[in-house]
Amino acid sequence: MSVRQWKEVQEMSRHRVNSVAAALLVAVLQTTLLSADDSALWKEYGLVSTQQAKRGKLSYTTYQMKDLTGALAVWEWQRSAASKPCNLAPLCTVDDKRTIISDDNYVIAFDSVSPRKADVDAAIASLPNRKDTSLPALLTFLPRDGLVTGSARYILGTASLAAFAPELGSANPGFEQGAEAQSAAYTLPGSATPVRLALFYYPTPEMARVHSVNFKQLSNVFAKRSAVLVAVVYGGATQMQADTLLSRVQYEAKITWNDTPPPPPIKPLYRLLLNIVYMCLLLAALCTAAGLIYAALRIYRRRYGQLESQEAMTTLHLRG
């Protein structure tokens, strides 16, 4: 999934959120953020450096991460639940206090809520050591229907799990084996409060199968495995709500073939015929040049008396 496609999905889901669910979600996320260990989160997300900068009257802070996944995680974490998408960058949100932008392996936080597009582009262009990679494949499988805007949080380890989904901490999800997760909130018909979903992505189906058993042993938790995905509904959801949300999680394998395809057979055949024509023209030109040179030498020797008798050519002057 591209950055632009992910932004379009967020804008589509924003229209489906009711005000009551959004208000409740703000309270939940603020509680988890206040109890989170920020230093542990920054370390887990791969913070490399941070820097304060100014451009005219505009001040902002840049956060350099190890990769794009860490930058995405920080961008989702730093934005508020009340933020709205903006058009200054593919990953951009704005609220009453500041504007948060993610580009490649960087996150930029503007103190002003309304920076100009030219200022944003200039700030992004001045960033050193940018690394452009693809967004995590996990985002492709996150359900879109009913997704509460601003509720998604990327989970890369125990620190982010404790901050955004502490109810699942005792399941040992297997982050040391390469697991990653995305938590989000959803509005469902007949539900007064948002339903929480955590979607875990594992390197192999076998690892997903083993860890799905651990999730199912937790109380008030509903889990479902689909190939390398493990979807977990938690936070006091009913069986019907969990079944509704879990049914939206389906794994579809996508294969990307990076080898260069062989060229079409018409083009090599055309080039072969063209090379044959060129070779024939070259040989004809060489033969013509050699004949002209030989004739010129004989004419020269005959005119200046250097042509020997046995080499002379007898000419018959025949007239009709």
Side-chain angles (χ1 to χ4, degrees), residues 1 5-6 9-29 31-32 76 81 136-155 160-175 179-254:
M1 174 183 288
Q5 291 172 333
W6 178 243
V9 168
Q10 289 180 320
E11 292 178 348
M12 291 170 56
S13 63
R14 177 166 57 93
H15 300 289
R16 301 191 179 109
V17 183
N18 58 62
S19 59
V20 177
L24 291 172
L25 180 64
V26 170
V28 172
L29 291 179
T31 302
T32 56
E76 291 185 341
L138 176 58
L139 301 181
T140 307
F141 308 108
L142 192 69
R144 313 299 177 206
D145 190 15
L147 176 64
V148 178
T149 303
S151 66
R153 295 293 184 270
Y154 211 82
I155 300 175
S160 50
L161 183 67
F164 308 126
E167 298 91 339
L168 308 179
S170 60
N172 186 21
F175 294 113
E180 297 181 359
Q182 179 86 318
S183 67
Y186 291 83
T187 57
L188 298 178
S191 176
T193 59
V195 178
R196 305 290 296 176
L197 169 71
L199 187 61
F200 290 83
Y201 185 92
Y202 291 92
T204 64
E206 179 61 22
M207 293 174 58
R209 185 191 65 80
V210 172
H211 288 285
S212 65
V213 177
N214 298 334
F215 287 116
K216 292 179 181 179
Q217 293 177 353
L218 300 178
S219 59
N220 298 323
V221 170
F222 305 90
K224 167 192 171 182
R225 184 182 73 88
S226 179
V228 297
L229 301 176
V230 176
V232 182
V233 175
Y234 61 99
T238 64
Q239 180 70 56
M240 182 177 298
Q241 293 172 343
D243 293 341
T244 300
L245 191 53
L246 292 176
S247 64
R248 301 175 184 176
V249 178
Q250 297 293 334
Y251 176 79
E252 296 180 2
K254 297 182 179 180

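The chain is numbered in sequence order, starting from 1.
For R144 (side chain) and G146 (main-chain N/O), no donor-acceptor pair under 3.5 Å exists by modelled atom type. Side-chain atoms of S226 never come within 3.5 Å of backbone atoms of L229 as a donor-acceptor pair (strictly under, hydrogens ignored).
For the pair H211 and N172, the tightest heavy-atom approach, listed with the atom from each and the gap, is ND1-O, 3.2 Å. Nearest heavy-atom pair, I155 versus L161, reported as atom, atom and distance to 0.1 Å: CG2-N, 3.7 Å. Shown here for Y234 and A165, the closest heavy-atom pair between the two residues is OH-CB, 3.4 Å. Of all heavy-atom pairs between Q182 and A152, the closest is NE2-CB, 3.6 Å. In plain terms, the two heavy atoms of S247 and K224 that are nearest each other are CA-NZ, 4.1 Å. Residues P203 and M207 come closest through the heavy atom pair CD-CE, 3.6 Å.
Rounded to the nearest 0.5 Å, atoms CZ (R248) and CD (Q250) are 12.5 Å apart. We find the CG-CG distance between L245 and L199 to be 9.5 Å, quoted to the nearest 0.5 Å. For the atom pair CZ (R196) and CG (L168), the distance works out to 10.0 Å, reported to the nearest 0.5 Å.
Looking at heavy atoms from C-beta onward, L218 lies in side-chain contact with S170 at the 4.5 angstrom threshold. Between S212 and Y202, every side-chain heavy-atom pair lies at or beyond the 4.5 Å cut-off. Counting heavy atoms from C-beta on, the side chains of Y154 and L139 come closer than 4.5 Å. When side chains are defined from C-beta on, Y201 counts as touching V228, because their heavy atoms get closer than 4.5 Å. Residues S151 and Y186 fail the side-chain proximity criterion, which asks for heavy atoms closer than 4.5 Å.
In this pair, F175 and F200 present their aromatic rings tilted. The plane angle is within the 30 to 60° band. Aromatic ring orientation, Y251 versus F141: tilted (interplanar angle from 30° to 60°).
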